[in-house]
Visitor: 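Handing you this structure, nothing more for now.
Each chain gets a letter, A, B and so on, in the order its sequence line appears, and its residues count up from 1.
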Number of protein chains: 2
Amino acid sequence: MTNPKQANIYDVARLAKVSHQTVSRVLNNNPSIRPETKTRVLKAMESLGYRPSLAARALASSKTNMLGILSSDTDFTGPAAMVHYMEAAARAQGYFVVTVGIDANDEESVKSGIDHLMKLGIEGLALVTPQLRAVEMARAAVTGIPVVTIDSMYRMDELAVSVDNFAGGAAATQHLIDLGHKNIVHISGPQGWFESTTRAAGYTATMLNANLVPQVIDGDWQLTTGYRIGKELNIDSKDITAMFIANDRMSIGFLHAMRERGIDVPKRLSVIGFDDLEETGYTSPPLTTLRQDFKELGKRAMNLLLSEIAGTSTKKLERLVPELVLRSSTGAPPKL
Amino acid sequence: MTNPKQANIYDVARLAKVSHQTVSRVLNNNPSIRPETKTRVLKAMESLGYRPSLAARALASSKTNMLGILSSDTDFTGPAAMVHYMEAAARAQGYFVVTVGIDANDEESVKSGIDHLMKLGIEGLALVTPQLRAVEMARAAVTGIPVVTIDSMYRMDELAVSVDNFAGGAAATQHLIDLGHKNIVHISGPQGWFESTTRAAGYTATMLNANLVPQVIDGDWQLTTGYRIGKELNIDSKDITAMFIANDRMSIGFLHAMRERGIDVPKRLSVIGFDDLEETGYTSPPLTTLRQDFKELGKRAMNLLLSEIAGTSTKKLERLVPELVLRSSTGAPPKL
DNA sequence: CCGGTCGATGTGAACGCTAACATGTTAGTA
DNA sequence: TACTAACATGTTAGCGTTCACATCGACCGG
């Protein structure tokens, strides 16, 4: 009842009339312990409200039970959800997850974030930082523990989980081509993001493959940028009939601009996004897009990392294919 | 260069020709150390690539340097951003933050989440769980360390940060009344959420104060629910001219329903939301709403917690007032 | 010129666990 | 019956810090 001082392993041992090591064995599920003894120890723990000290355990066994997540965009829905599921997966296996949010464009921030995690003695690291530079820095700074990247570049010998952005970009583009569009413009994500370049590559390859001319406008994922481009884009003089926009946020801004300009989507112009944010089912018109399963992505990344730590690792790379979600922002091009 | 084994405090001591305790003093910035000695020790650390062991420190000092965040909605933008800023604030002071995501409606999940954090030996806990039940459980289960609640009920002796939801609800309602509306309906958040009841209370009080009849429809924060209510609501027969919707997600869904029904917002019906999500500047029409400053909220919560831990605490409660953001979804009621 | 103080550093133990090895007890085998 | 293997448990020594106290010299006043 009272709680004068946390009991330790010796207190438990005394009460159960065994040695402290036996208590430790019970704690670690050592098989060579008599069930009867085990029960007695367990009962003693219970009655003392015993809680093993993680610090002591870490010190003695040099296993910290800590994992790190380096995340650059925790305030975006996708990554945030992913981090959430990653934590759950890790916790299910008894691991603690420390998530550090960084500004991936600021080398100092990346460095200090990594440093913070290394101080902790993490046993594994997950990078939810799609910016190439940050990934490189982390890979270079972190040695001796497994690192899993999500949606970034990977090498054969590294752990990685990713959405097949190339396939996604290609699928989006092909969808528009199938509808009969020829003059299709792509608004990309920012330079230096793996997702940007890969989606754009999927677009470009598909366009060229259909003997069409790819045209890319640089974006930066931001809603306001989609809006701005939408306001400024010279649609008529260039006779553009379809847009493939690299993410949904920009698409939302873009659609808003179209509405303001009185340009009918999809009658005059088709728009396809990427991500499938919840809101995009409720834009006007509802947005056709490619869905990324962040939950699955996060779970797989964490499992990859955990099995690598456990030494039971078999795969190095997991790939998810984004799924085309048809709504009403795409349709046949206007008749000439 | 090589890294055969992490150096410890004795290795550093030997190299610097001092005792291990002196090294420890340098580590802890003990003032009674000669600058010259300090430099020597620092140099030794540097050259050995010394990293103090957090586990050992925690064991010896019973200070874990760990903080916990219990979060129920990490995949929503607001809380996610908040957690992000909280982590940053904690890290700035050398603390590690373990965020545990829970399902606040599942007692088992809440319990196991708390248990996980207590095992860790956290020195403080932040609750980003607006569900009353979860807060109660956490407060009951966690003793001996400071706990800060965000946007929930609070008692005088507890740490809390909150948006003044009552004032927000009142301000939203007053804005509509000032425009000339009389028949104003409120769509609330779910039962059991502090924010729901307080915003609704602000609404109700303001309505009564103006001799108007409050009408509340139960919502649940979800976008689809806003949409559904929007589709079903009998606006004409009841002659409703304005809606105060308890959050932006529901508002987005609601606006979409209005668009589909051909009901002009704001000419026929005014709509005001709550949160100021980024998207709400780009809905059609752009949504008038109340802004919550999640960043500030998170920072203050963490600072409250940290200063309580440090014993320099002065305040117990911080309040932020949400700010009215005028856009185009509200206007005068239609003329009779 | 001596006891007392203070500043700078050292010494040993303690924190709560696990690892490695030692011991005792039981049962199986020749 | 004695010998060994296997099982169950105990003993001792770390893990890398901090804490509490001890030491040592220099400086001070009377």
Visitor: Between A:Arg51 and B:Asp115, is there a salt bridge with N-O shorter than 4.0 Å?
Guide: yes

Visitor: Mind listing the residues from residues 14-28 of chain B sitting with a heavy atom below 4.0 Å of DNA chain C? Number order is fine.
Guide: B:Val18, B:Ser19, B:His20, B:Gln21, B:Thr22, B:Arg25

Visitor: Any side-chain N or O of B:Tyr10 less than 4.0 Å from the OP1 or OP2 oxygen of D:dT18?
Guide: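 B:Tyr10 to D:dT18 OP1/OP2: no side-chain N or O under 4.0 Å.
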
Visitor: Please report the distance, rounded to the nearest Å, between NZ in B:Lys38 and P in C:dT9.
Guide: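 Going from B:Lys38 (NZ) to C:dT9 (P), I get 12 Å.
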
Visitor: Whole angstrom is fine here: how far is it from CD1 in B:Ile33 over to P in C:dG10?
Guide: 8 Å

Visitor: Between atom CZ in B:Arg51 and atom C1' in D:dT17, what is the gap in whole Å?
Guide: 17 Å

Visitor: Picking from A:Lys316, A:Lys315, A:Arg139, what satisfies salt bridge (charged side-chain N to carboxylate O under 4.0 Å, His left out) with A:Glu158?
Guide: A:Arg139

Visitor: NA contact type, A:Ser32, heavy-atom cut-off 4.0 Å: base, sugar-phosphate, or nothing?
Guide: base

Visitor: Phosphate oxygens OP1/OP2 of C:dA8: is one of them under 4.0 Å from a side-chain N or O of B:Arg34?
Guide: no

Visitor: Taking the side chain as everything from C-beta on, heavy atoms only, tell me whether B:Arg300 gets closer than 4.5 Å to B:Asn303.
Guide: no

Visitor: Which whole-number value in Å describes the distance from B:Leu54 CG to D:dT17 P?
Guide: 10 Å

Visitor: Before accepting this row, confirm whether a basic side-chain N of the pair A:Arg133/A:Glu136 lies closer than 4.0 Å to the acidic partner's carboxylate O.
Guide: yes

Visitor: So, using side-chain contact (heavy atoms from CB on, under 4.5 Å) as the criterion, who are the partners of A:Thr312 when residues are at least two apart?
Guide: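 Counting only residues at least two positions away or on another chain, A:Thr312 forms a side-chain contact (heavy atoms from CB on, under 4.5 Å) with A:Ser307, A:Ala310.
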
Visitor: Does A:Glu107 come within less than 4.0 Å of A:Lys111, counting only side-chain N to carboxylate O?
Guide: no

Visitor: Measure from CZ on B:Arg57 to P on C:dC15 and round the result to the nearest Å.
Guide: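 So the CZ-P distance, B:Arg57 to C:dC15, works out to 19 Å.
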
Visitor: Is there a side-chain contact between B:Thr37 and the phosphate of C:dT9, meaning an N or O under 4.0 Å from OP1 or OP2?
Guide: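 So the side-chain polar atoms of B:Thr37 do come within 4.0 Å of the phosphate oxygens OP1 or OP2 of C:dT9, strictly under.
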
Visitor: Tell me, with the steps shown, if A:Asn29 and A:Lys38 meet side chain to side chain donor-acceptor pair (under 3.5 Å).
Guide: CA-CA 9 Å; A:Asn29 268 309; A:Lys38 183 166 179 174; 3.3 Å; yes

Visitor: Can you tell me if B:Ser61 touches the phosphate of D:dC19, counting only side-chain N or O atoms and a distance under 4.0 Å to OP1 or OP2?
Guide: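 Looking at the OP1 and OP2 atoms of D:dC19, neither is under 4.0 Å from any side-chain N or O of B:Ser61.
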
Visitor: With nearest nucleotides of DNA chain C determined for B:Leu59 and B:Arg40 from heavy-atom distances, which residue corresponds to the more 5′ nucleotide?
Guide: B:Arg40

Visitor: CG of B:Leu48 versus P of D:dG16: gap in Å, rounded?
Guide: 13 Å

Visitor: In whole angstrom, give the distance that lies between atom CG of A:Asn30 and atom P of C:dC17.
Guide: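 Computing the A:Asn30:CG to C:dC17:P distance gives 17 Å.
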
